[in-house]
S.K.: 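This is the structure I want to talk about, given as C-alpha cells.
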Amino acid sequence: MHWWQTGVIYQVYPRSFQDTNGDGVGDLAGIAARLPYLAELGVDAIWLSPVFPSPMADFGYDISDYTGIDPLFGTLADFDTLVARAHALGLKVILDFVPNHTSNRHPWFVESRVSRQSARRDWYIWRNGAPDGGPPNNWLSEFGGSAWEYDAASDQYYYHAFLREQPDLNWRNPAVRAAMHEVMRFWLRRGADGFRVDVIWHLMKDEAFRDNPPNPDYRDGDPAYKSLLPFYSTDQRQVHDVIRELRAVTDEFSDRVLIGEIYLPVEKLAAYYGANLDGAHLPFNFSLIETPWRADAVASLIERYEGSLPAGAWPNWVLGNHDRPRLASRVGPEQARVAAMLLLTLRGTPTLYYGDEIGMTQVPIRPERVCDPWGLNVPGQGRDGCRTPMPWNASRHAGFSSAEPWLPLAADSAVSNTESAAADPDSLLTLYRRLIALRRARPALTHGTYRPVAQSGTVLAFERVVDGEALLVALNFGAEKANNVVLPNIYRGTVLLSSSPGRDGEATAGHLTLRADEGLIILRDS
Ligand code: GLC
C-alpha cells in the first residue's frame, strides 16, 4: 500500500502555525521548528496552504510566481530545509497547487491584458460583452458579484470564478497546460511529495459559455452565488482529460500523490478518480463537513460514499479546513472527541486541520480585524475565525510569535494550548495521539473492510475487519447515555480505546452501554 493510503494528512495554514521572524505571520522556518510536534502527534504528511509569491488578495490563493516562495514565508532555501527535515522525520510534504487562476499581477496576466493581440491573450478567458451590453453571461463569482470583469482598454471581459484579482486561466490552451505541468515538475524535483489541487472541478468551463440555470432550492439569505446552479461553469466532462494529464506528470516521479479539492455530492466524486483510476488519487471528500452531525445522517452518508466508490478507488475523509467553520464549534467540544474517533477509524485517508487536535474553536473577529476578502465582500462569509494562530503555550502571544499576530488568538490560549494539552492524559490531543497510534498498529484500521453493524437512536457502530482481526467502533452522537446497544456480531470483546476515561480494557459481551458523547473501539475476541 502507498503512504497516502495508510497515512494521516495534516493541513498546515502557514500564516498561523509558527512565526520565527517576529512579523506576526507564520513562516516556513516556524513550520520546520514545529515538525517534532507533528511527528509526535503521529501524522504522516503535511499539506501546506500556498506559500508562493502573492499579493495576498486571497492569502496566497492568488499566485504571482509559481516557482518561488513569498518573502513573508521565507526563501527557497527555507523550503529545502523544511523538506529535508520533514523527510528525516518520516513526514511527507504536500504543496498546494492553484492552477485554476493566477493573481492579476502575475506577469502572464499583465501581458494578456495589454491588448487583444497580446501573445498571452488566450492564456486567460476573455470574451466580448453581451450584444445588449453587460457581461458575456450570467456566471457569478463564488466570492460575490458577477464573475466577469470589464477591461475598458480592450473592451472585453475576463472571467474570474473567485476575486477579480484571481483571473481564471484558459485550460483549453495547450501552452497553459504545458506551463503548469512544468510548475509541478519544478516542485516534484525539489522533493515535494505531491499536491493538493485547488478547486480542481473548476478547471474547465463550457466551451459555449451558456448561462447557468437558476437554482430552484435557493432561499433568501443564501449567498448570491447559490442563486444559480454552476452547471456550465464547473464539473465539465472535459475536466477529466486535464486531470489525467496532471496525474501523468505526478506519476513521472515515484510515490507522489495527487489530491483534488472538490465540493460536489459524493456520487460525483467517483468520476474524479478517472475512468481507469488515472485521475486524482484522492478526490477530497468533504461530505462530513456538510452533513448534519447525527448518527443516522452520518451512517447513510458513509453508505452512499462507500457505495459510490469505483472498484479499486481509495476513500478519504475530511472534517475541517481553512474554508469552513472549526469542527469543535460545529459539533461542540464533547462531540469533537467522537468526531476524532470517527475520522481516524473510517476506511480511507483522514486529513486533519491544524488545531482541531486541540479542539480549537471559531475565534470571533471584530469587524475592523476582518481580513478575508470573502468576509469583506459578503459580511458573515468570512473565514478568518478558523484561521487564527496556533496556541503553543501560555507565554505572550501563546508562543506563536513575539509580535501581535495577524489574526487574534483565541481568548483561552493561555490555558488551552498544545503544551497544556500534551500534559493532560485526558485531553483531546492525547486522544488524537492514541487514535493515530492505534491506527498505525492495527491493520484493520488502515486497510480493513468497512461493515455497518448497528445504527439506532444516537448510536452508530461499524466494524473494520482484516485477516481475522475485527475491530468494532461504537459512537454515541448524543449528549445522553445510550443503554443496551445490541451488537449482533460482537459477542465478546475488549475495549482497546475509549474516548472517555476509565473504560480501556473493559470486557464487552453482546450488549453495550455508551456514556454521553462517548466512542469506543473494541477488539473482537477471536
Ligand atoms: C479554494 C481554497 C480557498 C480559496 C479558493 C480560491 O477553495 O481552499 O481558500 O479562497 O479556492 O482559490
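Remember, it's 1-based here, ligands and their atoms both numbered in the order they're listed. The chain is numbered in sequence order, starting from 1.
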S.K.: Please lay out, stage by stage, how R247 and D278 fare under the test salt bridge (charged side-chain N to carboxylate O under 4.0 Å, His left out).
M.R.: CA-CA 7 Å; R247 169 65 179 273; D278 50 2; over 6 Å; no
S.K.: Can you pull the salt bridge (Lys or Arg N to Asp or Glu O under 4.0 Å) pairs that have at least one residue in residues 118-127, sequence neighbours excluded?
M.R.: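 Residue pairs passing salt bridge (Lys or Arg N to Asp or Glu O under 4.0 Å), neighbours aside: E111-R120.
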S.K.: Do the charged groups of E290 and R324 touch, with an N to O distance under 4.0 Å?
M.R.: yes
S.K.: Working note: F162 + H202, criterion ring-ring contact (aromatic ring centres under 6.0 Å, His included); need CA distance, chi angles, decisive distance, verdict.
M.R.: CA-CA 11 Å; F162 297 90; H202 272 263; 5.2 Å; yes
S.K.: At their closest point, which heavy atom of A130 faces which heavy atom of P135, and how far apart are they?
M.R.: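 Closest approach of A130 to P135, heavy atoms only: CB-O, 3.4 Å.
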S.K.: Quick check, are the ring centers of F59 and W406 under 6.0 angstrom apart?
M.R.: yes
S.K.: Identify, chain by chain and in numerical order, each protein residue with a heavy atom under 4.0 Å from an atom of ligand 1.
M.R.: D58, Y61, H101, F143, F162, Q166, R196, D198, V199, E261, H322, D323, R383, R387
